[in-house]
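Beneath this line is the structure, given in structure tokens, with notes to follow.
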Amino acid sequence: MKKKLIAGNWKMNGSFAANEALVNGLLTNLGTPACEMALCVPSIYLAQMQALLVGSEIDLGAQDVSQHEGGAFTGEISGAMLKEFGVRYVLVGHSERRQYHFETDALVAAKAQRALACGVTPIVCVGETLTEREAGMTEEVVKRQLAAVIHANGHCISEIVVAYEPVWAIGTGKTASAEQAQQVHAVLRAQLKAASAQADRIHILYGGSMNAANAAQLLAQADIDGGLVGGASLKAPDFLSIIASAL
Ligand code: PGA
């Protein structure tokens with residue numbers, strides 16, 4: 001059975017001093033966890049984080065990647081550049097980027113494709129808004145978002161990670177119940193299975209107010225293979241406790 005994956009999403013938080021203190025707090029108390037781990041940090045701190053995490057079991061992640069290979073795209077960061085900093089994972093299509101940066105399904109799919117081409121694993125985020133959930137559109141929305149990525153990536157699809165993050169649960173303290181989350185994860189798993197004979201190896205993470213108190217129950221669900229953790233990944237004891245519940 002594959003190990004679970006717990007990934008922290010620091011979003012736009014951090015400083016040299018805070019990053020060092022947080023990583024030291026994690027590494028000192030990590031023990032021998034049963035899961036895989038990653039930290040998705042602001043790109044400007046990748047060099048610092050690469051040095052802090054070297055030789056540890058925690059992989060390095062970024063939060064976005066350009067869909068372009070290189071060239072005249074001011075402000076963008078390429079997959080090859082991420083790779084040079086030892087980045088293993090990159091978030092693509094986080095709801096904050098879909099919402100505030102108008103990223104479309106097609107763009108997210110192109111970013112996932114670019115990451116894969118550079119040997120970086122995309123963590124493809126999907127999830128419905130509260131309005132969409134209330135309109136009974138949850139399955140339709142997440143399937144549409146994932147279908148774009150499957151369409152663009154063909155047989156490479158078993159190389160991605162998927163994160164189901166209901167938008168209404170992100171940073172709100174409202175978590176999807178374990179049953180609600182499992183229901184959507186099962187839909188995503190079936191969609192991946194229809195696309196790839198190796199779909200069982202794909203991690204499907206849950207994200208959205210995962211914390212030390214609710215992680216164990218969420219992670220016990222059959223199709224929840226880990227977590228994408230925002231707020232709680234900024235506090236070493238909370239993140240460690242989530243890691244410890246990922247058995
Ligand atoms: P949260 O964020 O854990 O703070 O809700 C999760 C995410 O946006 O990845």
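Since we're looking at a predicted model, the values are computed, not measured. Counting starts at 1 for both ligands and their atoms, following the listed order.
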Pair E134, T131: side-chain N/O donor-acceptor within cut-off below 3.5 Å
no

Under a 4.0 angstrom heavy-atom cut-off, which atoms of ligand 1 come close to A169?
5 (O)

Is there a nitrogen or oxygen of H94 sitting under 3.5 Å from a nitrogen or oxygen of ligand 1?
yes

Within ligand 1, which atoms have a heavy atom of N9 less than 4.0 Å away?
7 (C), 8 (O), 9 (O)

If you measure every N or O of E165 against every N or O of ligand 1, does any of those distances drop under 3.5 Å?
yes

Any salt bridge between K4 and E36, counting N to O under 4.0 Å?
no

With atoms numbered from 1 as shown, which atoms in ligand 1 lie under 4.0 angstrom from a non-hydrogen atom of K11?
2 (O), 7 (C), 8 (O)

Sub-4.5 Å side-chain heavy-atom contact between Q63 and M12
no

If you have a sec, work out which protein heavy atom is nearest atom 4 (O) of ligand 1 and how many Å separate them, to one decimal?
G231 N, 2.9 Å

Salt bridge R98-E103, side-chain N to carboxylate O under 4.0 Å:
no

Would G171 count as a polar contact of ligand 1, with the cut-off being nitrogen or oxygen pairs under 3.5 Å?
yes

Crowded around H68 NE2? As in, over 12 foreign heavy atoms under 6.0 Å?
yes

Counting both backbone and side chain atoms, is some N or O of G230 under 3.5 Å from an N or O of ligand 1?
yes

Between K111 and D64, is there a side-chain N and carboxylate O pair less than 4.0 Å apart?
yes

Got a donor-acceptor contact below 3.5 angstrom from the Q48 side chain to the F16 backbone?
yes

Hey, which atoms in ligand 1 end up nearer than 4.0 Å to a heavy atom of G208?
5 (O)

Find all atoms of ligand 1 within a distance of less than 4.0 Å from any non-hydrogen atom belonging to S209, and give their numbers and elements.
1 (P), 3 (O), 5 (O)

